[in-house]
There are 2 protein chains.
Amino acid sequence: MAKELTEKQFLKRYDIHEFDIPLTSVDMAIFTIRGGELQVLLVKRAQHPSKGLWALPGGFIDLKKDRTLSDTAHRKLLEKTGVDTPYLEQVESFGSADRDARGWSVTVAYLALITCDDIVLAADESSEEVTWMSVEKVEQEMDLAFDHQAILDVCHDRLKNKVQYTSLPINLLPTEFTLTELQKTFEIILGIPVEKKSFRRRILDADILEETGGMKTGSNRPAKLYSTKPEGVKHFFSRSIEGPRR
Amino acid sequence: MAKELTEKQFLKRYDIHEFDIPLTSVDMAIFTIRGGELQVLLVKRAQHPSKGLWALPGGFIDLKKDRTLSDTAHRKLLEKTGVDTPYLEQVESFGSADRDARGWSVTVAYLALITCDDIVLAADESSEEVTWMSVEKVEQEMDLAFDHQAILDVCHDRLKNKVQYTSLPINLLPTEFTLTELQKTFEIILGIPVEKKSFRRRILDADILEETGGMKTGSNRPAKLYSTKPEGVKHFFSRSIEGPRR
DNA sequence: TGACATAGTGTCTATAGACCACTAACATAG
DNA sequence: CTATGTTAGTGGTCTATAGACACTATGTCA
C-alpha cells in the first residue's frame, strides 16, 4: 500500500498532479483516560510528507479490504490499538487543496473511545512509533502533521459536547465501574466539577446501568459496581449537564 | 468536467479500476419551506449511472476552482439555486465499494437551508431537470439514485434534531418575519404543534431577534416583524422543544 | 473503638417549558 | 358606525428536572 512508498514513488504511482480527483483518507482521534487525564493516540510519521511529526493515526482506504468507510476506521483502530469497536463515530470530513503536500486531499475524521487497559499499543507491523499524549498538552504545545491539530480540536469539541447530554464516557471505562469513577471520567472530559447527587440521579434515572452485585473495596466504604445494560449504551438526557451555577 | 462524459469515456478517462483510491464527491440536501411543507431540491440524472432517476444535487470536487470542501458545496448550491450561503452545514460522509456503480466512492453530504423566494431554479448551464419535492413524499414513495435516500434521511434527521435546540429555521424565512411565521416553520419541520407562549418566550429570551419596527398587516391584528440580530444567527437553547405532553 | 475517608441520600430551590385562558387590535360585513 | 371574526400577544399556574448542600452509612486502619 501507499504507506511503503517514498514520496517520489508515490507521486509516480498515482501521478497525482494529473488527477482531478482528490486523495481520500481516514484519520482518527482515539481517546482514552490515563493518569487522570484525557489522552489521545499519536503516531510519528515515518514517511514524507511531515516526516518525523506526530500525527493522528489514519491512512488510505484499502479498496480491496474495506467495503465501507467505517470498515477502514475499524481496521485502523485495530491496527493501532489491537482492539475494536468500543465506540466509534464519524465526526467530520476535512478537504482542501493545501492540507496535504501531495495535493488536493480529503480526510474523514473518526472519534474512538477505548478503555485504557484494553490497549496493546502499536500492534502495527510497520513498527511506527506510537504513543499516548495528553490532549491538553497536544493542543497547547504540539505541532501535529497536516491539519491534524484542527481535526483533533473538532473531535475534542465533539466529545465535550456529547458528554453534556449522553452517557458516552461509559466507553472509556472497563466493563465494571463505580459511579464515582464514572463521575470522575465526566469531570475529566468536561474540565469542571460535577455535582454528585445530580450526577447519580441522572445516570440512574436514565436506566442504562445495572448493578453487577460486586463491590469495589478500598480503605473506606465499598462502592457498588455497575455495568451497562445490554441494550442501551448511549442514552440521551433531557438536559445537558449544567455544572455549578455560582 | 466529468458530467459531460458517458460512462465509457468516464471510465476510460479515470481508468477507475486501476486506481486504488476512491472517487470523492459532494452531495447536498437543500431544504426550503414551500406550500406549508418541507421540500428538498432534486435533480434528474442526465448521465449514467442511475440515468433518469432523481438525485440530490452534487458533483465532483473541482480541483482548480475549489480550495476547500465547503467551496465545492457553495459552488454547487450556487449552480443549482442561484443563491449562496444562507445556511450550509456539513453532515456526514458516506463511502463504500458499492454505493456507485463506477466503483469505490466517497461523498460528503451537506445540508443547506434557503428561503423559498430567493430561488432562481436551475441556473445550471447543463439544463438538467431540477425540482422541489416534498420531503415526506420523497422518503415514502420515491426511489432516489445511489444511496441518496439514506443521505436524505440522515440530513433530515439532523435538521429535525437541530431544530429542537437551535434557532436554525430562521434560515428558511425571508429577512423579515413574524413570530407566528417562525413558529409555523418550527412546526412544519418538527411535525408537531408547538405551544405559542413557550415558543415566544424561548425565542425572545434567546435574544437573537430584533423588531424591525414594521408590522405585517392582514385582515386582523397586525403582527410585529422581526429580523435576526447581526451577531447571532443560530443560538442554543438550554432545553429542547418538548411539545405537548399529552 | 474512634478517626478518617469515601459512598450514598433527603430535601430544598431555581429554572424553563407546558398549559390555557385571557386581553388587544386590526379588517370587514351589515 | 358598531358587531363580529380572526389572529397577535400576555398573565399566571403547574410541573419536571437539575443544582446545592448538609446529612447519614459503611468500610479500613491506627
Side-chain angles (χ1 to χ4, degrees), chain A residues 36 163-167 173 176-187 190-227 235-246, chain B residues 36 161 163-167 169 173 176-187 190-227 235-246:
Chain A
V163 165
Q164 300 282 329
Y165 57 94
T166 71
S167 62
L173 291 173
E176 295 204 340
F177 49 86
T178 69
L179 290 185
T180 304
E181 288 166 349
L182 186 56
Q183 183 180 336
K184 284 271 178 302
T185 307
F186 272 80
E187 288 172 337
L190 290 172
I192 54 169
V194 169
E195 210 284 326
K196 182 166 58 165
K197 183 62 194 292
S198 310
F199 179 78
R200 297 169 94 90
R201 196 174 33 208
R202 265 177 89 111
I203 291 286
L204 261 15
D205 288 357
D207 198 40
I208 47 180
L209 299 186
E210 58 188 8
E211 299 181 17
T212 65
M215 302 289 270
K216 170 153 190 172
T217 58
S219 61
N220 44 34
R221 177 173 175 175
K224 284 184 184 166
L225 286 168
Y226 291 84
S227 63
H235 177 278
F236 285 67
F237 302 109
S238 64
R239 291 201 212 173
S240 65
I241 287 181
E242 291 173 24
R245 274 204 198 95
R246 35 180 172 170
Chain B
N161 186 42
V163 165
Q164 300 282 328
Y165 58 93
T166 70
S167 61
L173 291 173
E176 296 204 339
F177 50 87
T178 69
L179 289 185
T180 303
E181 288 167 349
L182 185 57
Q183 184 182 335
K184 283 271 178 307
T185 306
F186 272 79
E187 288 173 336
L190 291 173
I192 55 168
V194 168
E195 210 282 325
K196 183 165 57 164
K197 183 61 194 295
S198 309
F199 179 77
R200 297 169 93 89
R201 199 182 24 215
R202 262 177 94 111
I203 290 287
L204 262 13
D205 288 357
D207 198 38
I208 47 181
L209 299 185
E210 59 188 7
E211 299 181 18
T212 65
M215 301 291 270
K216 171 155 187 171
T217 58
S219 62
N220 46 34
R221 176 172 175 174
K224 284 183 186 170
L225 285 169
Y226 291 84
S227 63
H235 178 278
F236 286 67
F237 303 109
S238 64
R239 290 201 212 173
S240 66
I241 289 179
E242 291 171 27
R245 275 207 197 93
R246 34 177 176 172

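So you know, we letter chains A, B, ... as the sequences are listed, proteins then strands, and number each from 1. Source: prediction; values computed, not measured.
- Protein atom CD1 of I203(B) is 14 Å distant from nucleotide atom C1' of dA16(C), rounded to whole Å.
- When atom types are taken as modelled, the side chain of E181(A) and the backbone of T178(A) share a donor-acceptor pair closer than 3.5 angstrom.
- For the pair Q164(A) CD and dA18(D) C1', the computed distance is 13 Å after rounding to whole Å.
- Within the 4.5 Å cutoff, the side chain of L179(B) has heavy atoms near those of the Y226(B) side chain.
- Exactly one of E187(A), K184(A), R200(A) qualifies for a side-chain contact (heavy atoms from CB on, under 4.5 Å) with V194(A). That residue is E187(A).
- Annotation: of the two residues near DNA chain D, S219(A) and F199(A), the 5′-most nearest-nucleotide partner is F199(A).
- Spacing between atom CG of D207(A) and atom C1' of dT17(D) amounts to 17 Å, rounded to whole angstrom units.
- Within 4.0 Å of T180(A), counting heavy atoms only, lie sugar-phosphate atoms of the nucleic acid but no base atom.
- Put simply, S198(A) has no side-chain N or O that comes within less than 4.0 Å of OP1 or OP2 on dA18(D).
- One can place CG of L179(A) at 13 Å from C1' of dT9(C), the figure rounded to the nearest angstrom.
- Across dT28(D), dA8(D), dA7(C), the shortest atom-to-atom separation from the side chain of K196(A) is found for dA7(C).
- Judged as a side-chain hydrogen bond (donor to acceptor under 3.5 Å, both in side chains), and not counting sequence neighbours, the contacts of K224(A) are E211(A).
- The distance from atom CZ of R200(A) to atom C1' of dG19(D) is 16 Å, rounded to the nearest whole Å.
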Show the distances under 3.5 angstrom between N or O atoms of the protein and N or O atoms of nucleotides 10-12 of chain C.
from: dG10(C); atom 1: N7; to: K197(A); atom 2: NZ; distance (Å): 2.7

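- Atom CD1 of I208(A) and atom CD1 of I203(A) lie 5.0 Å apart (nearest 0.5 Å).
- With salt bridges taken as basic N to acidic carboxylate O contacts below 4.0 Å, none links K216(B) and E176(B).
- Under 4.0 angstrom from either OP1 or OP2 of dA25(D) there lies no side-chain N or O belonging to R221(A).
- Residue pairs meeting the ring-ring contact (aromatic ring centres under 6.0 Å, His included) criterion with at least one member in residues 190-222 of chain B, sequence neighbours excluded, are F186(B)-F199(B).
- At whole-Å resolution of the value, CG in N220(A) and P in dT24(D) are 20 Å apart.
- Taking atom NZ of K216(A) as the reference point, atom P of dG8(C) lies 12 Å away to the nearest angstrom.
- Taking atom OH of residue Y165(B) and atom P of nucleotide dA16(C), one finds them 18 Å apart after rounding to whole Å.
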